[in-house]
Amino acid sequence: MSSNKQLTDNFIKHLNKNFDELKENSKDKISILVEFHGWSFAHICYAYLLSALKKKYPGKIYAYEGYRLISNSLKLNIYDKTKWILGQKLNLKNFGIYKSLGVEKFLSPKVDKKILSQVKKKSVDLNFKSKNQILNFKINNIIIGDLIYDTYLKKKKVPTIDPTDEDFKLFFLDCLKVFFYWCNFFKNKNIKAIVISHSVYLYGMIMRIALNYGAVAYKPNFHTIYQIKNKNYFIGKEFFGFKKIFKKLSYSEKRQGLAISKKQIQLMFKGKKKYGLGYNFKNNKINKSSQNNRIKVLIAMHNFYDSPHVFGNMLFPDFYEWLKHIIKLSKKTNYEWFLKLHPENTNKDIKYINNILKENQNIKMISHKTNQNEIIDSGIKFVLTCFGSIGYEYAYRDVTVINACINNPHADYKFTINPKSIKEFNKIILNIKKYKIKPDKKEILEFLYTRRFYSSVNWMNIEKKTMTNISNGFGWKKMIHRPEMYSTWIKDFNKFKHKIIIKTCIKFVNSKSFKLNPMHLRN
C-alpha cells in the first residue's frame, strides 16, 4: 500500500501534467483566493474550478488559512509556525499540492497594532445580555455572530453559551481580530473570487467579508458547486425554490423523478440505503406502551455542536435551548413523551440531556441504535425536530413532524409543520391533536427527488462503483477526505472526461446560477 507521501507526490505530478493553465505565473495582481486545508477530495475539485476561474478572472491565486480558531489558537506555537514556514519553502505535503494548483502565496492572519485598535473600539459593544444578541451581532453590516456562536460550541464542546462567560468573551475578541485582519485585506485588494470549503463556523467569516467587498464565493463538492453572492449566503434560502425547480421539469422527467424517489425511499425503509440512518438496525427493541389512549410524541435529538445555524437562525438560539423549552412544555401536557438520541451524541452530551430531563422524568430515552421502523410502529404520532431529515422520513409514514427552524429543507412544502414564532410553536405543542396532518406522499417524493437526486450532480463523472467506495464510512473517516482519494481519481482519469469537466466548470462560473445543476452538463 502506498504511503501518504507517495500518494500526494503522484497527485502533484498529475496536476503538473494536466493543468498547464494553473502553472502560468500571472503578472497581474491577485484576483482569486482559495482555502488552504488537507481535504483530498476538495483539492481535485479546486483544480477544475480554479482552471475555469482563472480564465474568467486573470490574475494571481493566493491560498489562505481558514481554520484559525477552529482547529488552532489565534497565536501559533513554535511548532505550527515552523510547519507553516518550512511547508512553503520545501513544498511539503499540502503546500506542494497548492503550488501545483497555481498558488503563488499563502496567507495567514496576523495581528498588528491597527487590528488591536479596531478591536478595542468595537469591544465596548460586547456586553451581551442574551444569546440572540450574540447571534445577530454584525460589523459593517456583515453578520458574524452566528458563525462565532457555532464555532464556540464546536471548539469547546459545550451545548450552549453563557453570554457573561469570560472564556467566551475572550474567544469573541479573538474572532474580531481575525475579522479585522481579513476586512483590512479585502479593503486593499480587488479580489474577484474566493473558493471555500464551508460556509459555516468561522470558515464562513472570510466568505461573508469577501462577498461584502464584491467577490463571488464558490463552494464545490463532488455533487455540485455553489456560486454564493451577498444576497444568498444562508444556504437555507435554496429550500424555498424546490417546487419551482420541479415545476420546470418536463412531464417525463417529473414522472421518472417521482418513480426514482419512491423506489429509493422504499429501499431506505428496508434498511438498504446509507442515508436515512437507523432503518437497518436489528436490535434495541422498544417496549410497546399499554397507554394506547395517550398521544405519543418523539423528540428527535440533534448533535449539540453541529452548526445549529447552518440554514440561518432558528426559533431558539441553539439545540440545548430548544430541548429545554420542549421539556418545560411537556409538563403541561398529558402526552406520552420519548426522546431519541442522535448518532453523534456522546456520553458527555447524554449527561447534559439527562440533566434537562430531570424536569420531567416521565420522558423515555431511546437509543440511537433503535430501528426507526420500530419507533414508528410503536405508535408515535408526532415528531419534534429543528430541521432534521426525519422530517420527510417520518412524514412519509403519516407521522406529523413539527420543525423549529423556518429555513429547514422541507420549508417549501406542507408535509411538515413550520411555526414562525415561539408563540406559535407553543400553541401547536399544547394543542397538538388539532394539528395532526395527513402528509401528501407525492409532495414528499417531489421534495426527495429535487433535493437528493436532481440537485446532486455528478459533474466530476465519477463511476457509480467508485462513488460508493469513496463514500463508505462516517464523517471524516470517509476515503474522500484522505490521500487514497488521489490514487482513486488518477486511476479513473482520462483526457475526454477531463475536458468535459473543465467545460462544465467554465459554463457554470459564467452563469448566474446559485447552484450547478444538470442543465450545466448539457451542450
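Remark: E393 pairs with Y279, S389 by the side-chain hydrogen bond (donor to acceptor under 3.5 Å, both in side chains) rule, at least two apart or across chains. Take Y48 and apply the ring pair (Phe, Tyr, Trp, His ring centres under 6.0 Å) test, not counting sequence neighbours, and it matches F19, H498. Residues forming a side-chain contact (heavy atoms from CB on, under 4.5 Å) with K177 (at least two apart in sequence, or on another chain): L74, V111, I115, L116, V119, D174. Residues satisfying the side-chain hydrogen bond (donor to acceptor under 3.5 Å, both in side chains) test with D112, not counting sequence neighbours, are none. Residues passing the salt bridge (Lys or Arg N to Asp or Glu O under 4.0 Å) test with K114, sequence neighbours excluded: none. A217 pairs by the side-chain contact (heavy atoms from CB on, under 4.5 Å) definition with I194, M207, L211, I228, not counting sequence neighbours. Y413 is linked by a side-chain hydrogen bond (donor to acceptor under 3.5 Å, both in side chains) to E446, counting only residues two or more places apart in sequence or in another chain. Applying the side-chain hydrogen bond (donor to acceptor under 3.5 Å, both in side chains) test to S197 and every residue at least two apart in sequence or in another chain returns E35.
Below 30°, between 30° and 60°, or above 60°: for H43 and Y486 the angle between ring planes is below 30°, a parallel geometry. Between F36 and Y98, the ring planes are tilted. Angles from 30° to 60° get that label.
Taken from CG in L521 to CG in N458, the straight-line distance is 8.5 Å, to the nearest 0.5 Å. Taking CD1 of I206 as the start and CD1 of I196 as the end, the distance is 9.5 Å to the nearest 0.5 Å. A distance of 13.5 Å separates NZ of K54 from CG of L49, quoted to the nearest 0.5 Å. Atom CD1 of I61 is separated from atom CD1 of I30 by 9.5 Å, given to the nearest 0.5 angstrom. A distance of 6.0 Å separates CG in D349 from CZ in F304, rounded to the nearest 0.5 Å. Here the OG1-CG distance, from T450 to L445, works out to 10.5 Å after rounding to the nearest 0.5 Å.
Counting only heavy atoms from C-beta outward, the side chains of V34 and V103 approach each other to under 4.5 Å. Residues I142 and F179 meet the side-chain proximity criterion, which asks for heavy atoms closer than 4.5 Å. Using a 4.5 Å cut-off on side-chain heavy atoms (C-beta onward), L258 and Y449 make no contact. At a threshold of 4.5 Å between non-hydrogen side-chain atoms, the residues I480 and S40 do not count as touching. In this structure, the side chains of I44 and F11 come closer than 4.5 Å at one or more pairs of heavy atoms. Annotation: side chain of F319 is not in contact with side chain of Y305 (no heavy-atom distance under 4.5 Å). Looking at Y396 and F415, their side chains never come closer than 4.5 Å, going by heavy atoms from C-beta outward. Counting heavy atoms from C-beta on, the side chains of I139 and L176 come closer than 4.5 Å.
Under a 3.5 Å cut-off, the side chain of Q88 and the backbone N or O of F95 do not form any donor-acceptor pair. Not a single donor-acceptor pair under 3.5 Å links the side chain of K243 to the backbone N or O of F240. Of the possible polar contacts, one joining the H342 side chain to the E344 backbone as a donor-acceptor pair under 3.5 Å is found. Checking side-chain atoms of H37 against main-chain N and O of W39 turns up a donor-acceptor pair under 3.5 Å. A donor-acceptor contact shorter than 3.5 Å is absent between the side chain of N190 and the backbone of S31. Proximity of a side-chain donor or acceptor of T8 to a complementary backbone N or O of N4 within less than 3.5 Å is detected. A donor-acceptor pair is defined here as one N or O able to donate and one able to accept, closer than 3.5 Å; such a pair exists between the side chain of S3 and the backbone of Q6. For the pair H309 (side chain) and P317 (backbone), a donor-acceptor distance under 3.5 Å is present. For the pair D306 (side chain) and N303 (backbone), a donor-acceptor distance under 3.5 Å is absent.
The salt bridge (Lys or Arg N to Asp or Glu O under 4.0 Å) analysis of residues 60-84, with sequence neighbours excluded, yields the pairs K60-E104, E65-R68. Contacts classified as side-chain hydrogen bond (donor to acceptor under 3.5 Å, both in side chains) and involving residues 251-271 (residues at least two apart or in different chains) are given here: S250-S252, S250-E253, E253-R522, Q264-K273, Q264-Y275. Within the structure, every pair that satisfies the side-chain hydrogen bond (donor to acceptor under 3.5 Å, both in side chains) test and touches residues 180-189, not counting sequence neighbours, is listed here: Q118-N184. The list of side-chain hydrogen bond (donor to acceptor under 3.5 Å, both in side chains) pairs with a residue in residues 200-226, not counting sequence neighbours, reads D146-R208, Y218-Q227, H223-S456, Y226-E238, Y226-K515.
Judged purely by distance below 3.5 Å, without hydrogens or angles, the side chains of K99 and N91 pair a donor atom with an acceptor atom. Side chain to side chain, T466 and N469 fail the donor-acceptor criterion of an N or O pair below 3.5 Å. A side-chain donor-acceptor contact under 3.5 Å links N136 and N313. At a cut-off of 3.5 Å, with distance as the only test, no side-chain donor of H14 or S100 sits close to an acceptor on the other residue. Side-chain polar atoms of D318 and Y149 form a donor-acceptor pair below 3.5 angstrom. A side-chain donor from one of N18 and K495 sits under 3.5 Å from a side-chain acceptor of the other.
Under 4.0 Å is where a charged nitrogen must lie from a carboxylate oxygen, and between R482 and E484 at least one such pair does. Look at D9 and K13 and you find no salt bridge, because none of the NZ, NE, NH1 or NH2 atoms lies under 4.0 Å from a carboxylate O.
In this structure, K229 is not positioned above the aromatic face of F514 in the sense of NZ or CZ being under 6.0 Å from the six-membered ring centre and within 45° of the axis. The cationic atom of R451 (NZ for Lys, CZ for Arg) does not lie both less than 6.0 Å from the six-membered ring centre of F242 and within 45° of the ring axis.
Under the 6.0 Å cut-off for aromatic ring centres, F311 and F239 qualify, their centroids lying closer than that. Remark: aromatic rings of F172 and F137 are close, center separation under 6.0 Å.
Checking each of T504, I506, I500 against I502 for a side chain to side chain contact (heavy atoms under 4.5 Å, CB included) leaves exactly one that passes, namely I506. Each of I390, N408, V383 was checked for a side chain to side chain contact (heavy atoms under 4.5 Å, CB included) with N403, and the lone residue meeting it is N408.
Applying the 6.0 Å contact sphere to NZ of K192 captures no more than 12 heavy atoms from other residues, nucleotides or ligands. Open room surrounds NZ on K105; 12 or fewer heavy atoms of other groups in view lie less than 6.0 Å from it. With a 6.0 Å radius and a threshold of 12 heavy atoms from other residues, nucleotides or ligands, K23 has its NZ atom above the threshold.
Between Y392 and H410, the shortest heavy-atom distance links the atoms N-NE2, 3.5 Å.
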Can S307 and T151 be said to form a side-chain contact (heavy atoms from CB on, under 4.5 Å), step by step? CA-CA 8 Å; S307 190; T151 303; over 6 Å; no
